[in-house]
Amino acid sequence: PFAQAAAELFQAQAPGVRITVAQSGTGGGFEKFCAGETDISNASRPIKEDEEVPVCEKAGIGFAELQVANDGVAVVTNKALDIQCMTTGQLKELWATDKVKRYSDIDPSFPDTEVSLFGPGTDSGTFDFFTDEINGEEGLTRKDYQPSEDDNVLVQGVAGDEGGLGYFGFSYYEQNQDKLNLVGIDAGDGCVKPSKEAIQDGSYKPLARPIFMYPSDKALQKPEVKAFMDYVLANAAQIAEAAQIVPMTDEQVAESQG
């Protein structure tokens with residue numbers, strides 16, 4: 001969403017420049033980027049030093065890593081499913097194995113409703129981030145959930161299923177909050193629900209994260225790509241607002257521009 005908004009705002013000022021924004025998971029995006037197929041890779045996690053960086057290096061793809069915004073992963077339920085807060089331990093119990101069949105299996109105070117889970121596919125940076133932070137191992141997840149790389153599909157799934165629970169980027173909750181219930185997360189310091197402030201200051205633990213753009217060195221030699229990235233960093237807050245995503249703090253902006 002951030003890249004799409006950036007492209008639209010930039011093209012309004014530079015109508016002669018054509019920017020194509022394609023959608024995939026972060027992992028799939030880095031595959032294309034390291035193969036030299038794209039100029040810029042947008043990512044909801046840092047590039048993997050042990051897996052993806054060597055592929056880029058082997059292909060001679062140098063790059064810059066620039067934070068452009070913030071995001072939080074929201075845990076949501078169907079409006080009819082009354083779960084207001086979950087500990088990180090309860091979330092792990094729910095998502096790491098398929099043993100939990102009803103929410104009351106986790107906590108007797110939770111509804112005695114059959115579990116129906118929705119989440120990103122394995123090619124998604126959100127999937128990598130959530131499984132690492134919550135399940136304790138990247139890629140470790142129960143298999144009997146309904147995956148999609150399209151967050152709008154996940155929103156519809158949770159909203160349409162009485163036992164629905166899922167996770168995806170906070171901006172998609174904001175756009176659909178009339179259809180969903182937001183679950184607070186307790187990482188040991190009490191229950192915190194994601195908000196712009198809680199995501200920026202890191203108090204929404206452990207599911208707040210930076211959002212990145214990776215322009216290749218070769219692409220930055222093109223004046224139109226350099227102009228686009230300069231525009232993104234100079235107008236990051238406005239772009240984040242247009243994309244309904246959490247903007248950077250002044251300190252984060254200064255670091256990216258530096």
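Residue indices begin at 1 and follow the sequence shown.
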inquiry  = Do the side chains of Lys196 and Glu174 get close enough for a salt bridge, i.e. N-O under 4.0 angstrom?
reply    = no
query = Does NZ or CZ of Arg209 fall inside the cone over Phe129's six-membered ring, less than 6.0 Å from its centre and within 45° of the axis?
reply = yes
task = Could I get the full list of ring-ring contact (aromatic ring centres under 6.0 Å, His included) partners for Phe170, not counting sequence neighbours?
result = none
request  = Give the minimum heavy-atom separation between Ala187 and Lys205, together with the two atoms involved.
outcome  = CB-O, 3.6 Å
query = Got Leu154 and Pro120 here, is their nearest side-chain heavy-atom distance under 4.5 Å?
reply = yes
message = Quick test of your reading: applying disulfide (SG to SG under 2.5 Å), list the pairs with at least one residue in residues 226-258, sequence neighbours left out, ordered by first then second residue.
response = none
note = The residue among Tyr172, Tyr173, Phe130 that forms ring-ring contact (aromatic ring centres under 6.0 Å, His included) with Tyr167 is Phe130
ask   = Angle class for the Phe127/Tyr145 ring planes (parallel below 30°, perpendicular above 60°, tilted otherwise)?
value = parallel
query = Looking at Asp230 and Lys226, does any basic side-chain N land under 4.0 Å from a carboxylate oxygen?
reply = yes
task = With sequence neighbours excluded, give me every side chain to side chain donor-acceptor pair (under 3.5 Å) pair touching residues 23-33.
result = Thr26-Ser44
request  = Answer yes if the ring centres of Phe168 and Phe118 are under 6.0 angstrom apart, and no otherwise.
outcome  = no
ask   = How are the rings of Tyr214 and Phe30 set relative to one another: parallel (under 30°), tilted (30 to 60°) or perpendicular (over 60°)?
value = perpendicular
